[in-house]
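The next block holds one structure in the form of structure tokens; read it before the comments.
Values below: all heavy atoms of this structure, side chains included; hydrogens, waters and symmetry mates excluded.
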Protein chains: 2
Amino acid sequence: MSDPRELRNQGLKVTAPRMKVLDLFHTSAERHLTAEDIYRKLLDEHADIGLATVYRVLTQFEQAGLLVRHHFEGGKAVYELNEGGHHDHLVCMQCGRVEEFYDAEIEKRQAKIAKERGFAIRDHQLHIYVDCTKSACPHRPKG
Amino acid sequence: MSDPRELRNQGLKVTAPRMKVLDLFHTSAERHLTAEDIYRKLLDEHADIGLATVYRVLTQFEQAGLLVRHHFEGGKAVYELNEGGHHDHLVCMQCGRVEEFYDAEIEKRQAKIAKERGFAIRDHQLHIYVDCTKSACPHRPKG
DNA sequence: GTCCGTGCAAAAACTTTGCAACCCC
DNA sequence: GGGGTTGCAAAGTTTTTGCACGGAC
């Protein structure tokens with residue numbers, strides 16, 4: 001079970017739906033989940049939680065800084081736990097699998113580019129879309 | 001007027017809707033347009049073109065390599081002319097304005113990272129989301 | 001003339017919102 | 001007990017699709 005304080009510390013009431021969604025992020029094999037992914041997992045464990053609530057909870061968690069949202073190709077928003085460290089993503093276009101990476105030099109140059117142009121960086125995301133049709137890619141039904 | 005051969009060379013029939021959409025990309029002040037942007041501009045010039053056709057034409061143009069599609073924050077797909085050179089984007093979260101940039105070192109490191117992990121890069125996009133609330137940013141109604 | 005292309009309306013896909021019942025503190 | 005939270009259904013947004021008509025070659 002997740003620690004209820006993760007919610008209280010952000011001023012969020014501790015409710016069953018919130019705890020269950022948070023648990024999923026802490027226990028799932030995949031770090032990156034869509035609202036639909038979460039809804040299905042909750043259905044699987046017969047938690048009686050509506051899809052609308054899943055969306056609301058994800059939005060609140062993102063605003064609270066517990067989760068980070070990404071929009072990869074494919075139209076669906078993807079969420080992952082915010083564990084502090086920024087990183088970028090490799091996304092397989094075949095199976096939807098996501099790998100993370102971090103490159104200090106790339107970060108440095110991004111900051112420089114924005115600064116040179118007088119912009120304050122709010123957020124930045126580097127998405128590398130790949131095919132991993134080999135063994136590295138356990139083709140799973142694209143969710 | 002755009003050159004009809006741009007279409008024929010890609011195996012696309014030369015039709016009024018296709019030519020008009022292509023023209024918009026060649027003549028618009030903004031390089032980056034959404035389907036809605038284009039539809040509105042066409043309405044303005046009383047071209048009788050349906051929104052569904054705009055979507056179909058944009059999809060065909062992207063597949064033909066005439067346009068490139070991006071998904072920035074905000075849910076709407078954005079298209080720009082494919083002029084060959086890859087580049088990345090700075091996107092203002094206040095006004096939607098888009099600036100382009102290219103950094104050879106960043107490109108090099110992306111390629112290296114994908115290669116190290118055994119992935120074939122299909123596409124890659126670096127989005128830097130910024131606030132340009134100063135003079136640099138002519139706040140326009142976010143479209 | 002043959003096909004592909006188009007407009008319109010309907011549907012699909014994803015997400016948000018209104019509202020009454022419910023539960024945390 | 002009161003105000004935030006939830007489930008359901010309905011609505012919103014963006015994009016796609018079905019179908020009959022129309023235009024390119």
Side-chain angles (χ1 to χ4, degrees), chain A residues 1-22 32-40 42-43 45-64 66-67 69-79 96 141-143, chain B residues 1-22 32-40 42-43 45-64 66-67 69-79 96 141-143:
Chain A
M1 267 308 210
S2 308
D3 188 336
R5 280 173 297 181
E6 287 186 74
L7 297 178
R8 278 207 199 85
N9 290 347
Q10 305 300 328
L12 293 169
K13 265 190 193 168
V14 179
T15 66
R18 286 176 182 161
M19 286 302 285
K20 278 181 182 145
V21 170
L22 194 51
H32 300 82
L33 301 171
T34 65
E36 189 72 24
D37 290 339
I38 291 163
Y39 181 59
R40 280 206 220 290
L42 291 171
L43 282 185
E45 46 185 76
H46 304 92
D48 227 31
I49 298 181
L51 181 55
T53 297
V54 172
Y55 275 106
R56 276 185 291 231
V57 168
L58 290 174
T59 302
Q60 292 158 348
F61 283 9
E62 195 210 354
Q63 284 166 358
L66 263 47
L67 297 178
R69 180 177 54 181
H70 300 284
H71 286 98
F72 300 134
E73 296 274 344
K76 299 171 140 174
V78 173
Y79 292 82
K142 178 178 178 180
Chain B
M1 268 306 210
S2 309
D3 189 336
R5 281 173 295 181
E6 286 187 75
L7 298 178
R8 281 208 195 85
N9 291 346
Q10 305 300 329
L12 293 169
K13 265 188 194 168
V14 178
T15 66
R18 287 178 182 161
M19 286 301 286
K20 278 180 181 144
V21 170
L22 193 51
H32 301 81
L33 302 170
T34 65
E36 190 71 23
D37 289 340
I38 292 163
Y39 181 59
R40 280 205 220 290
L42 291 172
L43 283 184
E45 47 184 76
H46 304 93
D48 228 30
I49 298 181
L51 182 54
T53 298
V54 172
Y55 274 105
R56 278 185 289 232
V57 167
L58 289 173
T59 301
Q60 292 157 349
F61 282 9
E62 195 210 353
Q63 284 167 357
L66 262 47
L67 298 177
R69 180 177 54 183
H70 301 284
H71 286 99
F72 300 133
E73 297 274 342
K76 299 172 141 175
V78 173
Y79 292 82
K142 176 178 177 179

Separation of atom [atom1] in [X] from atom [atom2] in [N], rounded to whole Å:
X	N	atom1	atom2	answer
A/His71	D/dT13	NE2	P	16 Å
A/Ile38	C/dT15	CD1	P	11 Å
A/Gln63	D/dT5	CD	P	12 Å
B/His70	D/dT15	NE2	P	14 Å
A/Lys76	D/dT15	NZ	C1'	15 Å
A/Glu36	C/dA13	CD	C1'	10 Å
A/Glu62	C/dT15	CD	C1'	14 Å
A/Arg40	C/dA13	CZ	P	11 Å

For this session: Look at the side chain of A/Arg56 against the base of D/dG4 and say whether a donor-acceptor pair falls under 3.5 Å; ignore hydrogens and angles.
Result: no

For this session: Mind listing the residues from residues 5-21 of chain A sitting with a heavy atom below 4.0 Å of DNA chain D? Number order is fine.
Result: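 Close to the strand are A/Lys13, A/Thr15, A/Pro17, A/Arg18.
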
Problem set entry | Check: A/Arg18 side chain, A/Lys13 main-chain N or O, donor-acceptor pair, under 3.5 Å |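 Judged by distance alone, yes, a pair lies under 3.5 Å.
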
Problem set entry | Closest-nucleotide ordering on DNA chain D, the 5'-leading residue of A/Gln60 and B/Leu51 |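 Final value for this comparison: A/Gln60.
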
Minimum heavy-atom distance [X]-[Y], with the two atoms named:
X	Y	result
B/Arg69	B/Ala77	CD-CB, 3.8 Å
A/Leu22	A/Ser2	C-OG, 3.6 Å
A/Leu51	A/Tyr39	N-CE1, 3.4 Å

Exercise. Going from CD1 on A/Ile38 to CG on A/Leu43, what distance comes out if it is rounded to the nearest 0.5 angstrom?
Worked result: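 Going from the CD1 atom of A/Ile38 to the CG atom of A/Leu43 covers 12.0 Å.
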
Problem set entry | Separation between CE of B/Met19 and CD of B/Glu6, rounded to the nearest 0.5 Å |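 Separation between the atoms: 7.5 Å.
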
Exercise. Within the structure, does a side-chain N or O atom of B/Tyr55 lie under 4.0 Å from either OP1 or OP2 of D/dT16?
Worked result: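 So the side-chain polar atoms of B/Tyr55 never come under 4.0 Å of the phosphate oxygens OP1 or OP2 of D/dT16.
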
Exercise. Which nucleotide in the list D/dG7, D/dT16, C/dT16 gets nearest to the side chain of A/Ile49?
Worked result: D/dG7

Exercise. Looking at the side chain of B/Thr53, which of D/dA9, D/dT16, C/dT6 is the nearest nucleotide?
Worked result: C/dT6

Exercise. With a 4.5 Å heavy-atom cut-off, do A/Val21 and A/Leu42 have their side chains touching?
Worked result: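 Touching, per the 4.5 Å side-chain cut-off.
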
For this session: In sequence, state the C-alpha distance, the side-chain angles, and the governing distance for A/Arg56 and A/Thr59, and then conclude on side-chain contact (heavy atoms from CB on, under 4.5 Å).
Result: CA-CA 5 Å; A/Arg56 276 185 291 231; A/Thr59 302; 5.8 Å; no

Exercise. Yes or no on side-chain contact (heavy atoms from CB on, under 4.5 Å) for B/Leu7 and B/Phe61, after CA distance, side-chain angles and deciding distance?
Worked result: CA-CA 9 Å; B/Leu7 298 178; B/Phe61 282 9; 3.6 Å; yes

Problem set entry | Terminal axis angle for the helix from C/dG1-D/dC25 to C/dC25-D/dG1, five pairs an end, nearest 10 degrees |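 One end axis against the other gives 30°.
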
